[in-house]
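Remarks on the structure that follows.
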Amino acid sequence: MRFPKLALMIVAVAFVGCTKKSEDTIKVGVYGPFTGGSAPMGVSMRNGVQVAIDEINAAGGVLGKKITMVDRDDEAKNERGGQIMLELLDKEKVVAVLGPINTGVADASTQYANTKKIPLIINVSAGAKVNELFKSNPENFVFRIAANDDIQSRVIVNEALKLGYKKPALLCDDTNYGQNGREKMEAVLKEKGVKPVYIGKFKIKDSDMSAQLQEARAAKADVLLVYGIGPELAAISNSMARLGWKVDMIGSWTLSMSNYITNAGKNGNGTKMPQTFIEASAKTDKQKKFIADYNAKFKESPIASAVSAAQGYDSMYLLKLAIEQAQSLEGSKIRTALEDLAAPYEGITGSYTKPFSSTDHEAVKEANVMLGMVKDGTVVDSTTQKK
């Protein structure tokens, strides 16, 4: 069968055009939960990355190329995380990956960053292994810009002890995230010579925590230290109100999620949590511009998960700096550049000078973390509130 010359020429031109288009763009993978109870974190993170990409592209892109996002919803399912990571690396041929949110998803997928030698910058998951991966992967391709569970647990426990509490109760969800947080908080308490009077757990989608709280009250707990995500944490606050039992609640950064604040309502007032960014306390011009641009683009104020959005934005800019420094899209060269970034970066979550090294892939230190507090439907800096 013969094809007319004109048809062949059209096919050839179309092929060249597609090839040129792909050569003119840099594909960056983004994955997280964009549906379900963890969605406020996932969507906010993705939106923060998009704000950064829009700015970078408007300024000319990177290495003369525009950045395009390839995003996938992992639904907070561990097995989906591994499948998505392989798809992004093998099929989409992304130069790097940003995400994910949930610890279990991260643990099921980060291995592929190392086996495929493509950088992964974790921008939300606090429980995922990062520096621990050096032992089996000396050339570690996994980085993080988020307050990990070691930092969060220390901030949570230190605040409780600073307030004079001596009988903490621990209540954490039964996921990898919650149990990792529980283990870390127990370790810090032991280091401080304090033993929890009660340790309990709950499942995702549990809506009544009365049984656990009654046990904590019976144990004479004077403070509640919690680890979970928004909806279930709200159930704790609401169950406390129904029982008529009021003690301070301090917990994971996820207490700042919109679906905690909205669902808990007035019962959430006074709750405290570690934060790398507090929208209501934005001080720098860059932070204020980020909030304005985010609000304008996504018609959302306040941001559903401001921490996720800010860390998503910063992760994209750290990747941009690394690609520019490497002058390459090769994974190994980008990794090397991330480990020795020459240019300082003034981000939304803080100022970073050489945030990573060849032995430390954690950008956020305890000094980067503030203590937020829920007040009348928003998160504020707890240090600005009257005692």
Side-chain angles (χ1 to χ4, degrees), residues 30 32-51 71 73-76 99-102 123-126 146-147 152 173 175 177-178 181 202 204-207 209 226-241 249-282 287 290-314 348-349 369-382:
V30 174
F34 307 139
T35 53
S38 295
M41 296 183 285
V43 173
S44 297
M45 178 274 287
R46 179 180 62 183
N47 290 350
V49 173
Q50 189 62 60
V51 172
D71 62 325
D73 181 4
D74 62 35
E75 304 172 29
I101 308 299
N102 304 88
N123 50 21
V124 177
S125 175
Q152 287 194 69
D173 73 33
T175 67
Y177 175 63
F202 54 89
I204 297 296
K205 296 188 178 179
D206 279 359
S207 58
M209 310 294 179
V226 301
Y227 237 83
I229 61 172
E232 292 75 37
L233 295 176
I236 294 175
S237 293
N238 293 334
S239 295
M240 286 176 68
M249 189 161 97
I250 311 168
S252 52
W253 75 268
T254 43
L255 283 162
S256 64
M257 290 172 63
S258 60
N259 53 12
Y260 169 76
I261 295 170
T262 300
N263 292 336
K266 65 180 181 180
N267 298 329
N269 279 343
T271 302
K272 295 179 182 178
M273 77 299 290
Q275 300 281 274
T276 57
F277 175 64
I278 297 175
E279 183 176 359
S281 299
Q287 289 174 332
F290 168 71
I291 293 169
D293 290 347
Y294 189 106
N295 295 162
K297 185 174 183 64
F298 301 107
K299 313 301 180 191
E300 181 180 270
S301 180
I303 299 171
S305 178
V307 168
S308 303
Q311 290 170 181
Y313 178 96
D314 284 349
I348 307 304
T349 60
V369 179
M370 303 168 282
L371 198 69
M373 183 178 81
V374 176
K375 180 180 181 182
D376 300 329
T378 191
V379 176
V380 298
D381 184 343
S382 69

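- Across all non-hydrogen atoms, the minimal contact from G42 to F34 is O-CE2, 3.3 Å.
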Worked verdict on V30 versus M45 for side-chain contact (heavy atoms from CB on, under 4.5 Å)
CA-CA 9 Å; V30 174; M45 178 274 287; 3.7 Å; yes
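- Taking every heavy atom of both residues into account, F277 and A310 meet most closely at CD2-CB, 3.7 Å.
- In this structure, the separation between CE on M41 and OG on S125 is 9.5 Å, given to the nearest 0.5 Å.
- Rounded to the nearest 0.5 angstrom, N295 CG and F290 CZ are separated by 9.0 Å.
- No side-chain donor-acceptor contact under 3.5 Å links T349 to the backbone of T276.
- Here the closest heavy-atom approach between residue A126 and residue A147 is recorded as CB-O, 3.3 Å.
- Between atom OG1 of residue T378 and atom CE of residue M373 there is a gap of 11.0 Å, rounded to the nearest 0.5 Å.
- The aromatic rings of Y227 and Y177 sit tilted relative to each other, their planes meeting at an angle between 30° and 60°.
- In terms of heavy-atom proximity, Y294 sits nearest to G48 at CE1-N, 3.9 Å.
- The only member of L233, I250, T254 that meets side chain to side chain contact (heavy atoms under 4.5 Å, CB included) when paired with V226 is L233.
- Scanning both residues, V379 and G372, for their nearest heavy atoms gives CG1-CA, 4.1 Å.
- Considering OG of S382 and CD1 of I278, their distance stands at 7.0 Å, rounded to 0.5 Å.
- The minimum heavy-atom distance between I348 and Y313, with the atom names listed, is CG1-CD2, 3.4 Å.
- Contact annotation: the side chain of R46 never approaches that of V49 to less than 4.5 Å [non-hydrogen atoms, C-beta and beyond].
- Atom OG of S38 is separated from atom CD1 of I204 by 6.5 Å, given to the nearest 0.5 angstrom.
- Panel note: side chain N238, backbone N263; a donor-acceptor pair is recorded below 3.5 Å.
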Starting from the C-alpha separation in whole Å, work towards a yes-or-no answer on side-chain contact (heavy atoms from CB on, under 4.5 Å) for F298 and V51.
CA-CA 10 Å; F298 301 107; V51 172; 3.8 Å; yes
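- Q275 places no side-chain N or O within donor-acceptor distance of the main-chain N or O of M370, the cut-off being under 3.5 Å.
- In terms of modelled atom types and a separation under 3.5 Å, the side chain of D173 and the main chain of F202 share no donor-acceptor contact.
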